[in-house]
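Taking it in order: structure first as C-alpha cells, then the write-up.
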Amino acid sequence: MMRGHDTGPAMTPAQRVGRAILVAVALGALLAPWIAPHRAGDQLTDRAYAPPTRVRVHDAAGFHAPFFYPQTLTDRLRRQFGVDTATRVPLVIGRGALLQSSAGDQPLLLLGADSLGRDVFSRVALGARWSLGVTLLGALGALLIGAMFGAFAAVAGGRADAWLMRFADFVLVLPAVYLVLVLRALLPAVLSTADVFLLMALLFALAAWPHVARGVRAIVAVELRRDYAEAARAAGAGRWRVVAHVLPATRGFLAAEMILLVPALLSAEAAVSYLGLGFPEPTPSWGTMLQEAANVRVLTEAPWMLAPAAALFIVVFALQLAGARASTRAVFFDSLASHASDPS
Amino acid sequence: MNLALVRFALRRIVSAAAFALIVAASAFTLTRLAPGDATTELVASGARPEVIARERARLGLDRPFSQQALAWARGMLRGDLGESSMFGRPVRALVLERAAATARLAGLALLVATLIGLPLGVISGATPRHWVARLTAPLSLALVSILPVVGALALLLLAASTGWLSIEPGAIAVPALALALPLAASLERLQAQAVRDVVSAPDLVAAAARGIPPHRLIWVHASRQSLRPVLGVYGVVIGSLFGGSFAVEVITAWPGLGRLMYDALRGRDVFLVSGCALAGAVCLTAGNVIADLLRAIVDPRARETS
C-alpha cells in the first residue's frame, strides 16, 4: 500500500505516454463542441451507415491541401456508397469546427455515420464529455464518501468501527455494475440529460465507496497512533481536528484508488447505458452509442460503429500506462490489484 | 483437518448465508417500494380499471407491503421463491437455469484465465528477459485495459468477420474469451509480481546455492511460494467475474442471470428480482468461501481474520 507523498523516482516513458494521452483526451472532451464538425443530433440526409471519409493530401495530379472525395449513395437498399474521384472537396479550418468540409452538401465524416446518418466522430467527441464527466464525478464522489466513512470509522473505533466496516464489506462484495443497474432501473426511466448525469454520478459514488473507505480507515487508524497525531492531541486538538491533520496521509492512496475507480465506473457506465438506462437520445454517451453496434450485421458492415469502444480502450490503456509503477500493478474490472497488495 | 479450520469454515458459511438473505430481502424491498409495479405496462396500454385491479389482486399487489414481505419470507423458508409475473413460471426453476448458465460461463473463463495466466506469469516473473516474457508484457498490458463491454464487442467483430469462433446463440467461446482474456492478463501480472518477490527470498537463494537446477527452482520452489498471494485474490476475481459477466452476457446474448435480472427489473417482477439477487449472492459468496478456504488451507494466518 502506498502512503503519503509518492513522488518516487522519475517518471518512466510509459507513464509519460499515458499522461500525454490522458491530457489529449481531456482537452478533446473539453473542446469537443469546437472540434466536432456536426452537432450530436444532426441527421445528414442519405448518409445512414456512410463509411468514413478518407482525408487525402495526394491524388493523380499531385499534392494538395487536405481534401476528400465526395461520397454518393449508389445503392439505397444495400447502403452502398461510391466516391467521385474526379472532384476534390477541400477541408477548411475553423468554420464552426476545427476541421470542416468546404461544401455544405458534402459532410466530413471522419469515423463514418450511424443508422440515422449522424456523424460518429462528432458523437464520440461530444460523448466523451458525458461518459468521462459522469465517471470522474462519480469517482470523486466515491473518494469523498469513502474517505469520510473510513476516517469516521477509524476515529470512532471499537464496536462502531466494527459495524461500519462490516457494512462497508457488505457493499464491497456486491458488483458495482449490478448495484448501479438495480438502483437505476428502479428510478424513473425517462429523465432529462442533466438529471441522468447527476443521478448516475450519485449511483456510481454509492456503489464504489467501500473500497476507498477500507483503505482510508486502515491508514487513518495507523496515522492516529503516530507521534505527530499524538502531539496534536497533546496540544489540545479535538478528535476531528486531529483527523484533519491525518487525512493528507491518504493522498497517495486516494490517487491510486482513482486510477482503479475510473475504469470500473467507465465499464459500469458503458454497461448501463448500453441497456438504455443511460443518457436519453440524442445525447451521446459511449455506452449508448454501442447499443447499435452489438449486432453482427452492423459490426461487419459498419465496423466504425465500434469507435466508442476504441475510445474506451484508449482511455483505460492510458490510465494503465500512467498508473504503472516500476513494478507492475494489474487492474482487472474492479480493484483487484489493491486487494493483492493489502493483505487484510 | 484441524478444529480451527473447521470453525473458520463454519463461520464463513454462516456469514455467507446471512449475506445472501440480506441481499435478497433488500432486492425485494427496493423493487416493491420503488414507483411502479408489474401492472405499470398494463396501465400504460390503457387497459380498463377492472382488468388492472384483477391483475393486481392475482399478483397479490393489492395487499399492504408488510403482508407481501411476510408471505415472501415464509415462502423463502420453504424454498419457494414465488412465481414470476413476467414468465408465469416458478422463480426457482427460472433462476436455477440461468444461474447455472452464468456459473458455467464464469467457471470456464476462470479456468482458461488460470491456465493461460499463471504459467505465463511464472515465466515473466522469473525470467524477464525470456522471449515469452518480452512478448507477454505489452500484450497483457493491452488486455488488462479491455473493459468487458469492449472485449465482448471486439470478439464479436472478430468472430463475425473471420468465422474463427462460433456466434450461434448459445455458443460459449465468445463470451468466455471476453471474460477470460483480461482476467488472464491480470493473473499473469499478479503471478509475475509474486514470483519476482519470491525469487530473491533467502531460502531460494540458498536452494540455488545448493545446486538445485533453475527450472526446478522456478517451477517448483518459486511457484509454490508465490501461490499464496495469488490465491488471496481469487475471491476478488470471482466478484469481478460476476460484474464483468453482466455486460458480456447482455452483449453476446448469453442466457445468464445478468440478462434475467435486467428483464425482471424492467418488468418490476418482484419475486424474480429477489430470486435473481439471491442466486447471484449465493454464487458470489460460494466463490468467496471456496477462495477463503483454499487460502486458509495454504496460509494458516488467514484463519485468524474475519
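We name chains A, B, ... by the order of the sequence lines, and we start the count at 1 in each one. Note that the coordinates shown come from a computational prediction; the quantities given were computed from them, not determined experimentally.
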Which heavy atom of B:Ser161 sits nearest a heavy atom of A:Thr300, and at what distance?
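Scanning both residues completely, I find the closest heavy atoms to be N-CG2, 4.2 Å.
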
Over all heavy atoms of both residues, which pair between A:Ala271 and B:Ala247 is shortest? Give the atoms and the distance, please.
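Closest approach of A:Ala271 to B:Ala247, heavy atoms only: CB-CB, 4.1 Å.
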
Let me know if B:Ala142 has heavy atoms under 4.5 Å from chain A in its side chain, its backbone, both or neither.
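Contact with chain A: backbone and side chain both.
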
Which answer fits B:Leu284, side chain, backbone, both or neither, if we ask what part of it has an atom under 4.5 Å from a heavy atom of chain A?
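The side chain, not the backbone.
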
Output side-chain donor-acceptor pairs under 3.5 Å for residues 301-318 of chain A, partner residues at least two apart or in another chain, one line each.
| unit_1 | atom_1 | unit_2 | atom_2 | d |
| --- | --- | --- | --- | --- |
| A:Glu301 | OE2 | A:Arg297 | NE | 3.4 |
| A:Trp304 | NE1 | A:Ala113 | O | 3.0 |

Please flag which part of A:Leu277 lies under 4.5 Å from any non-hydrogen atom of chain B: side chain, backbone, both or neither.
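Contact with chain B involves the side chain of A:Leu277 alone.
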
Could you check if a side-chain atom of B:Val23 sits within less than 4.5 angstrom of a side-chain atom of A:Phe170, using non-hydrogen atoms only?
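Sidechains of A:Phe170 and B:Val23: in contact.
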
Top residue by heavy-atom pair count (under 4.5 Å) with chain B, among A:Val296, A:Leu266, A:Val182, A:Asp169?
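Greatest number of close heavy-atom pairs with chain B: A:Val182.
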
Between [atom1] of [X] and [atom2] of [Y], what distance do you get to the nearest 0.5 Å?
X: B:Ile146; Y: A:Gln320; atom1: CD1; atom2: CD; result: 11.0 Å
X: B:Phe246; Y: A:Leu275; atom1: CZ; atom2: CG; result: 4.5 Å
X: A:Tyr178; Y: B:Ser245; atom1: OH; atom2: OG; result: 4.5 Å
X: A:Asn295; Y: B:Ile251; atom1: CG; atom2: CD1; result: 12.5 Å

Top contributor to chain A interface from B:Leu265, B:Val149, B:Thr31 [non-hydrogen pairs under 4.5 Å]
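Highest number of heavy-atom pairs under 4.5 Å: B:Leu265.
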
